[in-house]
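First comes the structure, then the notes that go with it.
What you see below is based on every heavy atom in this structure, not just the backbone, and it leaves out hydrogens, waters and symmetry mates. Atoms within each ligand, like the ligands themselves, are counted from 1 in listed order. Each residue takes its place number in the sequence, starting with 1.
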Amino acid sequence: MQEARRLQALPPYLFRRIEEKIERATREGREVISLAIGDPDRPTPAHIVEAMVKEVHDPVNHTYPTSIGLVAFREAVAAWYRRRGVEIEPQGEVVTLIGSKEGLAHIPFCYLDPGDVALLTDPGYPVYRSCTILAGGEPYFLPLAPERGFLPDFSAVPSEVARKAKLLFLNYPNNPTAAVASVDFFHEAVAFARTYDLLICHDAAYIDITYDGYRAPSFLEVPGAKEVAIEFGSLSKPYNMTGWRLGWVAGNGDAVSVLGRLKSNLDSGCFQAVQKAAGVAALLGPQDCVREVCRLYQQRRDLVVEALNGMGWKLEKPRATFYIWAPVPRGYTSAEFAEMLFDRALVIVTPGEEYGQAGRGFFRLSLTVDTE
Ligand code: PLP
């Protein structure tokens, strides 16, 4: 059976290709060190697992959840924002997601008609591009250059493109570049969105993974942000919960409810036991576990950056995320460099162009692997 054209238009999913390489080498009995995938290597903190065990035994949680999510979880998200000085209304400005990826993947279906443009950063998390294409929209890429601290230049977007655009995806702290953005930059983005009537989709998956005392701002901290923006949050990285599939969208009430409406036609929500365990135990419980996770990655970051700098790189230590984004040595393309590392050392890194054209000449290395 011929698959639909919309699927043929997609590039192969990045991690699938890497996984195939790992599977092949592992089948051959070779030990591979994968620094390619950003998936925490430590377990979910015990108090969250224990809360889950309790909730899983409660038959109240065994029925269909609501598609917009449990009030208790949405209230926990509002409390998380209140700690950052942002007021969010749990009843109309938050929807539970089955991982933030689920919401990021579905938002283009809420707003893009054929011919509508989504402004995406390049390099960027591949889901923004693939789901813009699946929804029938057209991606327009805003390059992220090291000279600009990997922040997009809104003044470089032609006004005829900006007028056709309905969505702008931003992601700080950023995957894959590990760049951070200031509140001033978010102000600039809000002004740009107002001029062109855009919805900003800010992906805050790494907001809690920060180092050296740095605190990453929420996009919703900017006055007026809620008029033009929604933010996607995730339990995956700060609480080592990638497998649990839990996240949220918060901010502009209209956009949040449009996404909730789409979801009510697609899925039946997130297992209530997960929402309660994560909502109550993770977001409202002690946050030492998040500090511990950051301390661990900071140690690994120092080790890797110092080792690379010892070999001739000139990297600054990133202040957030668990990625190192580095230029490949002269004489290699990103793909050639990644292949050389694999062939000679069975080490897997991700070639930069897997995240977009502007990633050419870079590679990404993930710190989610034991120091040994
Ligand atoms: N956004 C970015 C930038 C990511 O790197 C990831 C996962 O790696 C996600 C979103 C998805 O996270 P979640 O587990 O919440 O779906």
Contacting atoms of ligand 1, where contact means under 4.0 angstrom from a heavy atom of [X]:
X    : answer
K237 : 7 (C), 8 (O)
R245 : 13 (P), 14 (O), 16 (O)
A205 : 1 (N), 2 (C), 10 (C)
S236 : 13 (P), 14 (O), 15 (O)
G99  : 15 (O), 16 (O)

Looking at [X] and [Y], does any basic side-chain N land under 4.0 Å from a carboxylate oxygen?
X    : Y    : value
D208 : K237 : no
R163 : E160 : no
E102 : R245 : no
R215 : E221 : yes

Are any of the heavy atoms in D39 under 4.0 Å away from ligand 1?
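It does not, in that no heavy atom of D39 comes within the 4.0 Å cut-off of ligand 1.
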
Tell me whether ligand 1 is touched by T242 - counting only heavy atoms on the residue side and a distance under 4.0 Å.
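T242 does not count as a contact of ligand 1 under the 4.0 Å cut-off.
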
[X] N/O under 3.5 Å from ligand 1 N/O:
X    : value
Y323 : no
E102 : no
N171 : no
Y206 : yes
Y125 : no

Please name the residue in the list N61, T66, T96 that meets the side-chain hydrogen bond (donor to acceptor under 3.5 Å, both in side chains) test with Q275.
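Answer to the side-chain hydrogen bond (donor to acceptor under 3.5 Å, both in side chains) test with Q275 among N61, T66, T96: T96.
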
Could you check whether atom CZ of R344 has more than 12 heavy atoms from other residues, nucleotides or ligands sitting under 6.0 Å from it?
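It does not: R344 CZ has 12 such atoms or fewer within range.
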
Just say parallel, tilted or perpendicular for the rings of Y172 and F185, cut-offs at 30° and 60°.
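Answer is perpendicular, since the angle exceeds 60°.
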
Pair F73, L235 - check side chain to side chain contact (heavy atoms under 4.5 Å, CB included), show working.
CA-CA 12 Å; F73 178 68; L235 281 282; 4.0 Å; yes

